[in-house]
Every structure is written in C-alpha cells, then in structure tokens.
Amino acid sequence: MENHNYFSPSYSDASSGQYALPSNAAMFVASSTSSSSPSLSRPDYAKTPMDYANVLQQIMNISTQSLDEAQSRKQALNSHSMKPALYQVLMEIKDRTALALRNTQEEEPPDPQIVRLDNMLIAEGVAGPEKAGSAAANAMVAAGVSASSRASPGSDFGSPIEHSEYRNKLAQIRQIYQTELEKYEQACSEFTNHVLNLLNEQGRTRPISPKEIERMVNIIHKKFSSIQMQLKQSTCEAVMILRSRFLDARRKRRNFSKTATEVLNEYFYSHLSNPYPSEEAKEELARKCGITVSQISNWFGNKRIRYKKNIGKAQEEANM
DNA sequence: CTACATGATTGAGT
DNA sequence: ACTCAATCATGTAG
C-alpha cells in the first residue's frame, strides 16, 4: 500500500517534485490512489515548463542513482497491484490497433510452392516414410513412365546394378536432406525459444500480449520455412540430376540381346518390301524379344532409315 | 582412344 | 498417331 509513495522522496530532490513522475508512473499512482490522495489524482504534473525541467533533471539523475536503489524501485513497480490491469488495457489497445492491421494479410496457409516440392520429395522417396528400397524402385518405374516409353523392368540385363547404385545415391540424398531438415528445425525451435524468453523478459517492462507473441512466432516460422524451401528446392534438383543420370534410358542404353536382334532382323528382312509391322505384329515381336512395343517401333524406325542409308552408300560405291 | 554401332529422343511432316 | 531424319549418348570392337 505504500508502494506509491516511494516515488516521491527520491524524485523530489529538487524543490516541488512529488508530481514530477514519468507519465506512466503518474497514471499508475493516479488510478490506484484517486481517492486517498486527491493531489496526486490531478494530472497536472506537466502543467508548467518547470515540471518538464524537473522530469528532465530526474532523468539525468538516473545515472547517478545506485543500482540497488534502481532495482528496488523496479521491483516495487513490478509488484504494484495495478500493474496487471494496466498492462491488460495496454495490450488490448495494441491488439486493436497495430496488430489488427497486420493480421489481415496473414493466414495464407500452405505456400503452393512448398507443397509442390513436398509432394515431389515424397514421390521420390526422399521425404516421408522410408520404404526400404521399394520407394526407389517405385521412383524408377515412375520415372521410366514419365520420361517416355521405357523397357519392361524384368528383361533388362544389367539393371540390378543401376538399381542399387541409384538406391545408394538416393539414400545419400535422403540422409543429407533429413539431417539438414533436423538442423533447421532445431535452429528454428532454438531461436523461437530464445525470442520467447526475450519477450517474456520484456513482458515485465512493457505490455506484450499473447497474440503479439504468437505473431512473432509465426514470423519466425515463416522465415525459417523459406530457408527450408531452399533446402527442398536444392534437394529436388539433386534428385532430378540423379534421375537423369541413372534413369534416362538414353544415357544408360543397353543393347538388346543377341536373340532379340536376330528375331527383329529376321522379321525385317523377311518383310523387306514392307517393313512396317502392324500393332499386333509389334506386340508379338515385343513378347518374343522381351522388350516393349515402343522399343520395337524405335528399332524398326532406326532400322529402316539405316538400311536405306546403307543401300544408298553401297550403290554409290558400286557406281564407282 | 577412335570409329563405328545402336537404342532413344526430338521435331517436322503427313 | 505414325514415320522420317537428324541427333544424342552410350556400347563396343579394333
């Protein structure tokens, strides 16, 4: 109850000092003691230039005060019975003004870009649940289909090596991605905690509403998620490069088996007058050779053009 | 390593 | 949708 009168002795070292309080401190005293001490309830502390001079003088004097004295004053102020109520009011005002303005353009939930990257990483088996190899295999099949028509998985000799190599690299990327992600998350929560502590600390000397804190946390998370997006972006790129390195059939071309070429050549030369197999014939050949229909089409396309070229060359030579 | 063979891709033409 | 022609990128024989 005698909290409020502790302001007066030290601040009134000049002449008429008992009103010369910092403005908020004055409000404090005024609101809590309006009836008991009428002189304090009047906000006339800044009525004359002299009062301003007083305030300034007192501010200047702060540096000469002893630490203990300042501490004890701080404590007294903090434990003032009206402080929570005052802070409550200030917080509400803050929420209604500044924060309300900025709240309007928040809440734009998941960034489509990051969703896209997430989906891709999950599809590639980099993010999401580990499926012990099958993820990589699935990714391979998917890649094959999307890249264009690919060979049937079973008949490709040499592919087991590719698979395991691809899996290894993918696992490596996955590993890096996850440790990095963990690091970011840790840093994020560390930083968030730090800020929360700071805000809690400051909450004792200035009004900070829970909403404000929440907003701050949101901002932090947004910043960190933009960093995460970069990580995801580069991981996606790495996967893409890996994919093109190992899955692009053009890069890892395998010659067809000897028997397959024999079968194809046999068909070609026995239908030399019209080397255009029908859809059914292609399917038949594909079955016999253990390759896909589109590979058959490729082969015949290449064969026709190259046969023609060879014939032309041979005739040129014959003419000479 | 070079030169040629070969499967796949691309773009134009129909 | 299919073919042709050119081209790419690898496989392989010398």
Side-chain angles (χ1 to χ4, degrees), chain A residues 116-117 119-121 123-126 133-174 176 233-320:
Chain A
R116 207 170 57 81
L117 292 173
N119 285 340
M120 184 180 156
L121 289 173
E124 296 295 336
V126 175
S134 75
N138 288 342
M140 289 202 73
V141 172
V145 168
S146 70
S148 139
S149 46
R150 233 201 69 50
S152 56
S155 63
D156 255 350
F157 46 98
S159 57
I161 299 154
E162 291 172 43
H163 278 239
S164 72
E165 221 179 318
Y166 178 82
R167 264 208 301 269
N168 284 343
K169 297 266 184 187
L170 193 75
Q172 212 176 313
I173 290 176
R174 186 188 165 96
I176 291 167
Q233 183 85 49
S234 59
T235 307
C236 274
E237 271 169 33
V239 170
M240 282 307 215
I241 290 165
L242 181 69
R243 201 192 234 193
S244 66
R245 212 115 190 73
F246 283 89
L247 302 176
D248 190 349
R250 187 193 222 167
R251 289 178 191 277
K252 272 291 180 202
R253 182 175 66 75
R254 305 269 97 150
N255 288 350
F256 298 150
S257 69
K258 198 135 191 159
T259 54
T261 344
E262 265 171 38
V263 171
L264 293 171
N265 271 317
E266 193 192 324
Y267 185 98
F268 181 80
Y269 287 111
S270 62
H271 299 72
L272 205 49
S273 56
N274 185 33
Y276 296 87
S278 64
E279 188 62 30
E280 297 85 57
K282 281 183 189 171
E283 277 166 22
E284 166 94 22
L285 286 167
R287 228 189 353 271
K288 270 195 214 167
C289 302
I291 58 180
T292 65
V293 171
S294 42
Q295 281 181 300
I296 297 290
S297 298
N298 283 340
W299 191 90
F300 274 90
N302 282 323
K303 188 70 182 174
R304 283 189 297 262
I305 191 85
R306 282 163 183 165
Y307 178 79
K308 206 167 81 178
K309 238 183 210 166
N310 283 344
I311 291 296
K313 218 194 283 174
Q315 270 197 349
E316 233 175 73
E317 273 173 33
N319 286 343
M320 289 166 73

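Chain letters run A, B, ... following the sequence lines, proteins first, then strands; residues in each count from 1.
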Side chain of A:R306 only, please: which of C:dT10, B:dT9, C:dC8 is the nearest? C:dC8
Give the nucleotide from the list B:dA8, B:dG7, C:dA6 with an atom nearest to the side chain of A:R253. B:dG7
Tell me which residues in residues 264-275 of chain A lie within less than 4.0 Å of DNA chain C, going by non-hydrogen atoms. none
Which residues share a side chain to side chain donor-acceptor pair (under 3.5 Å) with A:T259, sequence neighbours left out: A:S257
With sequence neighbours left out, write down each residue that passes side-chain contact (heavy atoms from CB on, under 4.5 Å) with [X], or none if nothing qualifies.
X: A:E279; answer: A:E283, A:V293
X: A:E284; answer: A:R287, A:K288
X: A:S270; answer: none

Residues passing the ring pair (Phe, Tyr, Trp, His ring centres under 6.0 Å) test with A:Y267, sequence neighbours excluded, are A:H271, A:F300
Are there any protein N/O atoms within less than 3.5 Å of an N/O atom in nucleotides 2-4 of chain C, and if so, which ones and at what distance?
{"from": "C:dC4", "atom 1": "OP1", "to": "A:Y276", "atom 2": "OH", "distance (Å)": "2.1"}
{"from": "C:dC4", "atom 1": "OP2", "to": "A:R304", "atom 2": "NE", "distance (Å)": "2.5"}
{"from": "C:dC4", "atom 1": "OP2", "to": "A:R304", "atom 2": "NH2", "distance (Å)": "3.0"}

For the pair made of [atom1] in [X] and [atom2] in [N], what is the distance, rounded to whole Å?
X: A:N310; N: B:dC4; atom1: CG; atom2: P; value: 13 Å
X: A:L285; N: B:dG7; atom1: CG; atom2: P; value: 14 Å
X: A:N298; N: C:dT10; atom1: CG; atom2: P; value: 17 Å
X: A:K258; N: B:dT6; atom1: NZ; atom2: P; value: 10 Å
X: A:R254; N: C:dA9; atom1: CZ; atom2: P; value: 17 Å

State whether A:N302 places a side-chain N or O below 4.0 Å from either non-bridging phosphate oxygen (OP1 or OP2) of B:dG7. no
Check whether any side-chain N or O of A:Q295 sits under 4.0 Å from OP1 or OP2 of B:dA8, and answer yes or no. yes
Measure across A:T261 and A:F256 and return the closest heavy-atom pair with its distance rounded to 0.1 Å. OG1-O, 4.0 Å
Where do A:P277 and A:L285 come nearest, in terms of heavy atoms and distance? CB-CD1, 4.4 Å
Base B:dA5 paired with A:N255 side chain (donor-acceptor, <3.5 Å): no
Give every residue pair that meets the salt bridge (charged side-chain N to carboxylate O under 4.0 Å, His left out) criterion with at least one member in residues 266-277 of chain A, sequence neighbours excluded. none
Tell me which donor-acceptor pairs under 3.5 Å the side chains of residues 301-311 of chain A have, and how far apart each pair is, sequence neighbours excluded?
{"from": "A:N302", "atom 1": "ND2", "to": "A:N298", "atom 2": "O", "distance (Å)": "3.3"}
{"from": "A:K303", "atom 1": "NZ", "to": "A:N265", "atom 2": "OD1", "distance (Å)": "3.1"}
{"from": "A:R304", "atom 1": "NH1", "to": "A:P275", "atom 2": "O", "distance (Å)": "2.8"}
{"from": "A:N310", "atom 1": "ND2", "to": "A:R306", "atom 2": "O", "distance (Å)": "3.4"}

